[in-house]
Amino acid sequence: MTLPPRPRRFDRNLVVIGAGAAGLVAAYLAAALRARVTLVEAGPMGGECLNTGCVPSKALIGCARLAAASRRAAALGLAAPAPAPDFAAVMARVRAAIAAVAPHDSVERYTALGVEVRRGRARIVAPWCVDVDGQRLTTRAIVIAAGAEPLLPDLPGLAASGYVTSETVWQLASLPPRLAVIGGGPVGCELAQAFAQLGSRVTLVQRAARLLTREDAEVSALIAARLAADGVDVRLAQAPAAVVADGAGRALRLVQGDAVPFDALLVATGRRPRITGYGLEELGIGTTPTQGIATNPFLQTVHPGIFACGDVLGRAPFTHAAAHQAQSAVLGALFTPFWRARYDDSVMPAVTFTAPEVARVGLNEQAARAGAHAHEVTRFDMADLDRAIVDDATEGFVKVLTPPGRDRILGATVVGAHAGELIAEFALAMRHGIGLKRLLGTVHAYPTYAEAARLTAGAWRRAHASPAALRLLARFHAWRRGG
Ligand SMILES: Cc1cc2nc3c(=O)[nH]c(=O)nc-3n(C[C@H](O)[C@H](O)[C@H](O)COP(=O)(O)OP(=O)(O)OC[C@H]3O[C@@H](n4cnc5c(N)ncnc54)[C@H](O)[C@@H]3O)c2cc1C
């Protein structure tokens with residue numbers, strides 16, 4: 001491939017490709033550091049998180065939770081008629097949530113912040129040149145933040161049958177009476193439960209023997225039981241063989257022989273980084289085993305001026321990870337060879353917004369075992385947390401891993417109401433080397449869910465109290481009693 005000549009001067013310091021979570025943070029930071037930066041976006045501003053990911057899913061889940069809670073109202077002494085969700089109104093609420101957040105990611109906002117925003121499809125023609133719909137932009141560096149897209153299984157009949165993914169499920173006009181979901185990862189579990197709570201008869205088909213395979217087995221079991229309690233027919237260790245249609249309607253035929261009839265089919269079998277069609281192959285930019293862009297620890301590709309961040313890396317597919325990676329990528333892109341920032345994702349929280357929520361940071365038991373990390377586990381059950389008891393939300397637990405005999409936190413898993421909020425305390429503690437003893441020494445307001453962190457630390461403390469010191473104390477008090 002012949003590259004256009006490297007210019008002596010560049011029109012800008014940085015071109016960022018993609019205005020999703022990663023690209024927006026990259027462009028914002030570059031402008032804040034007074035670089036001349038152009039942000040190129042082919043689709044809607046805000047990318048997946050705003051338009052088809054976090055924002056719509058959490059808005060839908062919010063409505064679904066309310067429907068589920070009102071069904072339980074009678075148990076709390078509030079006799080009320082069963083809710084009759086109006087799906088069109090629920091989807092209008094989802095769109096309203098997107099519209100309310102959209103100004104944060106808008107062209108106007110970023111232009112005001114000093115970013116030049118170009119709408120169009122970018123193609124990298126050289127490490128110093130990006131083509132945007134025929135117009136060539138010269139730049140000292142490039143940050144690729146092109147995101148990921150749904151990964152579709154090779155399933156006979158799928159294309160012909162009609163299906164939705166996390167990108168298109170938001171266009172459903174009416175609540176499907178029967179929804180089949182393929183995939184038991186975070187997206188499959190969150191949406192299966194939400195649709196069930198809104199009134200669909202949901203069947204979730206998962207190839208693996210358990211849901212949420214990155215979590216410990218007991219977490220998977222708890223979520224499977226909870227989904228079942230919400231009416232989801234959870235089919236584990238079952239794989240789809242084909243999508244079939246006849247006069248009776250459409251169905252998902254399983255390898256095991258069963259057929260799952262459906263009115264809508266949601267394919268949630270993972271996402272793959274967008275790495276084709278915009279110049280990476282021509283420039284010899286390689287990929288990782290997870291099909292993400294290959295980089296060094298500074299998120300720099302084989303071309304010293306090209307960096308990557310966000311879902312396109314195929315690493316941690318979260319909005320907060322994308323934003324965190326964007327910081328490293330931009331500092332490298334703007335300041336290499338004078339300064340660059342090593343990307344560190346050792347303390348990266350992950351939350352699945354099922355009910356109860358599942359939140360994790362650092363190691364869980366299966367990761368500790370896989371990595372042969374010596375560890376011990378301290379547990380605290382939500383059933384022992386006063387706030388959870390009064391809220392009738394006692395499902396779940398906190399589990400903290402520490403090195404044997406030490407209070408340094410290797411990782412924490414929280415399952416329960418507001419687990420996504422609770423995990424922040426463990427992430428903070430891990431990031432700043434705060435051990436369980438110092439968590440125990442921190443006053444937490446009563447009655448809160450946050451107290452679960454301190455009570456877990458208390459459980460660790462009790463398990464590590466020195467028997468000799470306790471014997472000595474008992475003798476001291478006996479002496480004080482005059483005995
Ligand atoms: C249903 C669902 C729920 C989710 N919920 C959560 C959650 O609760 N919390 C969380 O942390 N994460 C969640 N995620 C994941 C989160 O949405 C992503 O991790 C995050 O949006 C990734 O941001 P990104 O900037 O890397 O990619 P994207 O947001 O995909 O942005 C990439 C952008 O690049 C543009 N682009 C690509 N190629 C080009 C090109 N050649 N030229 C110009 N533009 C281009 C695309 O149009 C796109 O807008 C969820 C995902 C899904 C699917």
Side-chain angles (χ1 to χ4, degrees), residues 215-219 221-222 344 346-349 356-483:
E215 307 300 335
D216 285 339
E218 64 177 320
V219 177
L222 192 153
D344 173 12
S346 54
V347 184
M348 180 62 66
E357 291 179 0
V358 175
R360 170 173 44 84
V361 64
L363 296 178
N364 58 9
E365 285 190 82
Q366 69 179 17
R369 277 194 297 269
H373 298 279
H375 67 280
E376 58 183 41
V377 178
T378 304
R379 256 185 95 96
F380 173 79
D381 280 324
M382 292 299 184
D384 294 325
L385 182 69
D386 288 2
R387 180 56 191 265
I389 293 168
V390 298
D391 281 355
D392 191 26
T394 51
E395 215 172 7
F397 53 84
V398 178
K399 196 161 64 166
V400 175
L401 272 65
T402 47
R406 298 178 52 206
D407 77 330
R408 182 166 62 87
I409 302 170
L410 297 173
T413 295
V414 183
V415 182
H418 309 290
E421 313 296 330
L422 257 96
I423 205 69
E425 180 164 351
F426 290 107
L428 181 80
M430 286 182 70
R431 182 77 180 84
H432 298 285
I434 298 169
L436 288 176
K437 287 186 226 164
R438 287 167 71 198
L439 280 194
L440 182 61
T442 305
V443 179
H444 289 62
Y446 177 88
T448 59
Y449 287 94
E451 265 199 310
R454 191 182 61 78
L455 294 168
T456 310
W460 180 89
R461 192 79 200 87
R462 278 193 304 284
H464 292 83
S466 148
L470 291 177
R471 274 197 303 275
L472 203 63
L473 272 175
R475 277 173 39 203
F476 168 77
H477 291 304
W479 169 72
R480 296 261 291 175
R481 289 194 302 271

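Sequential numbering from 1 along the given sequence is applied to the chain's residues.
Of all heavy-atom pairs spanning Ala419 and Ala359, the tightest one is O-CB, 3.4 Å. Residues Ala457 and Leu436 come closest through the heavy atom pair CB-O, 3.3 Å. The minimum heavy-atom distance linking Thr402 with Leu410 is given by the pair C-CD1, 3.6 Å. Closest non-hydrogen pair, Ala417 versus Ala393, comes out as CB-CB, 4.1 Å. Here the closest non-hydrogen pair linking Thr378 and Ala459 is CG2-CB, 3.7 Å. What you find for Ala465 and Leu470 is that their closest heavy atoms are CB-CD1, 3.9 Å.
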- Task: Quick one: do Leu440 and Trp460 satisfy side-chain contact (heavy atoms from CB on, under 4.5 Å)? Show the steps, please.
- Result: CA-CA 9 Å; Leu440 182 61; Trp460 180 89; over 6 Å; no

- Task: Apply side-chain contact (heavy atoms from CB on, under 4.5 Å) to Met382 and Val415, showing your working.
- Result: CA-CA 8 Å; Met382 292 299 184; Val415 182; over 6 Å; no

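Distance OH/Tyr446 to CG/Leu385: 8.5 Å, rounded to 0.5 Å. With rounding to the nearest 0.5 Å, the separation of CG in Leu363 from CZ in Arg369 is 11.5 Å. Expressed to the nearest 0.5 Å, how far NE2 of His375 lies from CG of Leu401 amounts to 5.0 Å. If you take CD1 on Ile434 and CG on Asp407, they are separated by 11.0 Å, rounding to the nearest 0.5 Å. How far CZ of Arg454 is from CG of Leu439: 10.5 Å, rounded to the nearest 0.5 Å. Here Leu472 contributes atom CG and His477 contributes atom NE2; the two are 10.0 Å apart, rounded to the nearest 0.5 Å.
Ion pairing between Lys399 and Glu365 holds under the 4.0 Å rule for side-chain N and carboxylate O.
Taking the side chain as every heavy atom from C-beta outward, His464 and Lys437 never approach each other to under 4.5 Å.
Shown here is Arg475, whose CZ atom has no more than 12 heavy atoms of other residues, nucleotides or ligands within 6.0 Å.
Between the side chain of Arg387 and the backbone N or O of Pro447 there is at least one donor-acceptor pair closer than 3.5 Å. Not one N or O on the side chain of Asp216 forms a donor-acceptor pair closer than 3.5 Å with the backbone of Glu218.
Pairs engaging residues 409-428 under the side chain to side chain donor-acceptor pair (under 3.5 Å) rule: Glu425-His444 [sequence neighbours left out].
Here the rule is side chain to side chain contact (heavy atoms under 4.5 Å, CB included) with Ile423, and of Val361, Leu428, Val358 only Val361 fits it.
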